Amino acid sequence: MDNNKYRPGEVVAVELQATTSIPFIGFLLQAREEGAQSPVGSFILTAGSSQLLTCSQKPQNVSRKDCGITKVCFSQPSDCDPTVSTDCYFMSAQKLSTSDAGVHYEMMGRSDGYISFGFSDDQIMGNDDIYICVVGSDGLVQLQHAFSTGRTTPQTLPLGDVSNIKASVQGGVISCSFTSMNTVSTVKKTGFNKTYYLMFAHGPSNNGQIRFHRATFISAEKIDISRPQLIQKGGWPHIIKAHGALMLIAWMTTGSLGMMVAGYLKGFAKGTTLLGKAVWFQVHVAVMTLTMAATIIAFILPFAHVKGWSGGAHPVLGCLVMILSFIQSILALLRCGPQHQWRFLFNWTHALNGVGIKALSVAGIFTGLKLIDSSVDQWLMKVMGGFVGWEVLFHILLAVSLGWKVQRKDTLESKMITTDVLLIFLFFLGNLAFLVALLVGIGTSNHDSQ
């Protein structure tokens, strides 16, 4: 070894050399804390003839022992054991009896860059006191202290009064433990005898710099870390669930129905008017008005809750849907008469813009479901895929029916219209079934990512 003393976080070079003429054929090197039995730290190879062992793929330094008895524990999945499962995301906090400020922390999780936990005054990321274990450019795990402001990358702070750091990465699983004498500090309050929401996040990194998290989970209520307990994970706020439900109703039910009526049922109740307009037109206007109202409400809800901008593709897609929907409404109000020379221009613009809104809304729904779907098999995404497939199938059937009507004589047109009405009725029933499944999924979803 190149030194006789060690400070947490230092790299110690170890060189092995045979002292006799008989060469050794192998070696096993392990680092342990004095008086302990479990291995600690991590190794970097400098010789091609040696290899790393991962000790049965079990993470180091982190244990579920005494959870709820002497320490606070928070995990995903709930009650997972970090000494048994490498797919367990876990953190614990144990107040030191010898100090008013000292807390011993542990955290573990599978990640390609970093794991972190933080203290917050609310369930929204921003203005949080955070500790991060991140893999640096040298392959070693580094402990960082940071403070997040809004939705930007957290600002790194001096590590402060932190000791007893143990960190490692094995098989993509990062684990670390440390003792901190730092008080918790957020915008609204500072201290240990306070309650905070706990947040856990993990994601990629680049040369020790963390990137936008892949997933998070947040406590259901504020926690006093000086009181040992098992923490329950929080669910998505009702206002966010309402946002998702309204968007599904708007663009996979009423919006779809309105577009199909305009595209395939113009011959329905031909010659009959309702309030001076064709029946198909009045139905189209009614359901699209409902769609626009639901879209506006759904658009406002998350911004009213978050009071800011959240990163990712989902809000961008939502803004595009809202903008194009307003344009569509303005086009509808300014449309020229059926016999006007520029009517064809309105028809094409209105139709193409509608298709664009539909495509963007479907993409937005997929990205939104991905945020809230915490199931292992991502079943909400699969149901949504079936939803889209169902709609495409009926568009094809109705398009074929429309083509037949063009070629048929007038005596058969009424029968074809009856077929179209039946197809749209079946389509609507199927859509309702898919919609109910997705609404149930949204209603029961947990807050595993943000």
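Predicted model, so just to flag it, every value in this text is computed and none were measured.
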Checklist entry - Checking side-chain contact (heavy atoms from CB on, under 4.5 Å) against S361, which of V321, L324, L248 comes through? => result V321

Checklist entry - When you measure from the side chain of D129 to the backbone N and O of S185, does any donor-acceptor pair fall under 3.5 Å? => result yes

Item to check | Straight-line distance of M108 CE to S168 OG, nearest 0.5 Å | outcome: 10.0 Å

Item to check | Nearest heavy-atom neighbours spanning V141 and C133 | outcome: CG1-CB, 3.9 Å

Next on the checklist: Is it the case that the side chain of H213 and the backbone of A201 share a donor-acceptor pair, with hydrogens and angles ignored and the cut-off at 3.5 Å?
Outcome noted: no

Checklist entry - Under 4.5 Å between any side-chain heavy atoms of I132 and L143, yes or no? => result no

Next on the checklist: Under the criterion side-chain contact (heavy atoms from CB on, under 4.5 Å), I'd like the reasoning laid out for V169 against V173: C-alpha separation, chi angles, the key distance, then a yes or no.
Outcome noted: CA-CA 5 Å; V169 56; V173 177; over 6 Å; no

Item to check | Residues D224 and S226: side-chain donor-acceptor under 3.5 angstrom | outcome: yes

Checklist entry - Tell me, do C176 and M107 make a side-chain contact under 4.5 Å, heavy atoms counted? => result yes

Item to check | Contacts of type ring-ring contact (aromatic ring centres under 6.0 Å, His included), residue F90, not counting sequence neighbours | outcome: none

Checklist entry - What residues, two or more places apart in sequence or in another chain, satisfy side chain to side chain contact (heavy atoms under 4.5 Å, CB included) together with H395? => result M260, Y264, E391

Next on the checklist: Quick one, F366 and M381 - any side-chain contact, counting heavy atoms below 4.5 Å?
Outcome noted: yes

Checklist entry - Which heavy atom in V383 sits nearest to a heavy atom in F434, and how many Å separate them? => result O-CD2, 3.7 Å

Checklist outcome for this item: Of all heavy-atom pairs linking T83 and S63, the shortest is CG2-CA, 4.1 Å

Item to check | Least distance between heavy atoms, A167 atom then N61 atom | outcome: N-ND2, 3.9 Å

Checklist entry - How many angstroms lie between atom CD1 of I296 and atom OG of S325, to the nearest 0.5 angstrom? => result 8.5 Å

Checklist entry - Okay, side chain of Y114, backbone of G208: is any donor-acceptor separation there less than 3.5 Å? => result no

Item to check | Side-chain donor or acceptor of Y89 paired with backbone N/O of R110 under 3.5 Å | outcome: yes

Checklist entry - Can you check side-chain contact (heavy atoms from CB on, under 4.5 Å) on L301 and I240, steps first, answer last? => result CA-CA 7 Å; L301 288 179; I240 299 299; over 6 Å; no

Checklist entry - Does a side-chain heavy-atom distance below 4.5 Å link N182 with L159? => result no

Checklist entry - Looking only at heavy atoms, which two atoms of S256 and K358 are closest? And how far apart? => result OG-NZ, 2.5 Å

Checklist entry - Less than 4.5 Å apart, any side-chain heavy atom of F428 and any of L423? => result no

Checklist entry - For F394, which residues count as a ring-ring contact (aromatic ring centres under 6.0 Å, His included) partner, sequence neighbours excluded? => result W390, F427

Item to check | Side chain K71, main chain K65, donor-acceptor under 3.5 Å | outcome: yes

Without placing hydrogens or testing angles, list every side-chain donor-acceptor pair under 3.5 Å for residues 286-293, not counting sequence neighbours.
{"residue": "T289", "atom": "OG1", "partner": "V285", "partner atom": "O", "Å": "2.6"}
{"residue": "T291", "atom": "OG1", "partner": "T254", "partner atom": "OG1", "Å": "2.7"}
{"residue": "T291", "atom": "OG1", "partner": "G255", "partner atom": "N", "Å": "3.1"}
{"residue": "T291", "atom": "OG1", "partner": "V287", "partner atom": "O", "Å": "2.8"}

Next on the checklist: Centre-to-centre under 6.0 Å for F200 and F74, is that the case here?
Outcome noted: no

Item to check | Student check: side-chain heavy atoms of F147 and N127 closer than 4.5 Å | outcome: yes

Next on the checklist: Let me confirm one number: the CG-CG distance from L432 to L439, rounded to the nearest 0.5 Å.
Outcome noted: 10.0 Å

Checklist entry - Taking the inter-plane angle between the rings of F119 and F117 on a 0 to 90° scale, is it parallel (under 30°), tilted (30 to 60°) or perpendicular (over 60°)? => result perpendicular

Checklist entry - With Y197, which residues qualify under side chain to side chain donor-acceptor pair (under 3.5 Å), at least two apart? => result none

Checklist entry - L320 and I357: side-chain contact (heavy atoms from CB on, under 4.5 Å), yes or no, with the steps? => result CA-CA 8 Å; L320 290 175; I357 296 171; over 6 Å; no

Next on the checklist: For a quick check under 3.5 Å, do D121 and T186 share a side-chain donor-acceptor pair by atom type?
Outcome noted: yes

Next on the checklist: Given 3.5 Å as the limit, does a donor-acceptor pair link the side chain of H145 with the main chain of L157, or not?
Outcome noted: no

Checklist entry - Can you name the residues that form a side chain to side chain contact (heavy atoms under 4.5 Å, CB included) with P228, not counting sequence neighbours? => result none

Next on the checklist: With salt bridge (charged side-chain N to carboxylate O under 4.0 Å, His left out) as the rule and sequence neighbours excluded, what pairs involving residues 73-84 come up?
Outcome noted: R64-D79

Checklist entry - Taking the side chain as C-beta and beyond, is there a heavy-atom pair between F217 and Q76 under 4.5 Å? => result yes

Checklist entry - Is the side chain of Q229 donor-acceptor paired with the backbone N or O of R227 at a distance under 3.5 Å, no angle test? => result yes

Next on the checklist: One pair to check against side chain to side chain donor-acceptor pair (under 3.5 Å): Y131 and S180. What are the steps and the verdict?
Outcome noted: CA-CA 10 Å; Y131 287 100; S180 174; 2.9 Å; yes

Next on the checklist: With side chain to side chain donor-acceptor pair (under 3.5 Å) as the rule and sequence neighbours excluded, what pairs involving residues 200-209 come up?
Outcome noted: none

Next on the checklist: Tell me every residue that passes ring-ring contact (aromatic ring centres under 6.0 Å, His included) with H104, counting only those two or more places apart in sequence or in another chain.
Outcome noted: none

Item to check | Residues T295, W251; criterion side chain to side chain donor-acceptor pair (under 3.5 Å); working and verdict | outcome: CA-CA 8 Å; T295 301; W251 290 107; 2.9 Å; yes

Checklist outcome for this item: Sequence neighbours excluded, the answer for salt bridge (Lys or Arg N to Asp or Glu O under 4.0 Å) partners of D66 is none

Checklist outcome for this item: Residues passing the side chain to side chain donor-acceptor pair (under 3.5 Å) test with D128, sequence neighbours excluded, are S120, S148

Next on the checklist: So which atom in A294 and which in A250 form the shortest heavy-atom distance, rounded to 0.1 Å?
Outcome noted: CB-CB, 3.9 Å

Next on the checklist: Using the rule given for side-chain contact (heavy atoms from CB on, under 4.5 Å), can you reason through I223 versus V72, listing the C-alpha separation, both sets of side-chain angles and the distance that settles it, and then say yes or no?
Outcome noted: CA-CA 9 Å; I223 303 300; V72 171; 4.3 Å; yes

Item to check | Set of residues satisfying side chain to side chain contact (heavy atoms under 4.5 Å, CB included) with respect to Q142, sequence neighbours excluded | outcome: V134, D138, Q144

Checklist entry - Do L198 and I231 have side chains that get closer than 4.5 Å, going by heavy atoms? => result yes

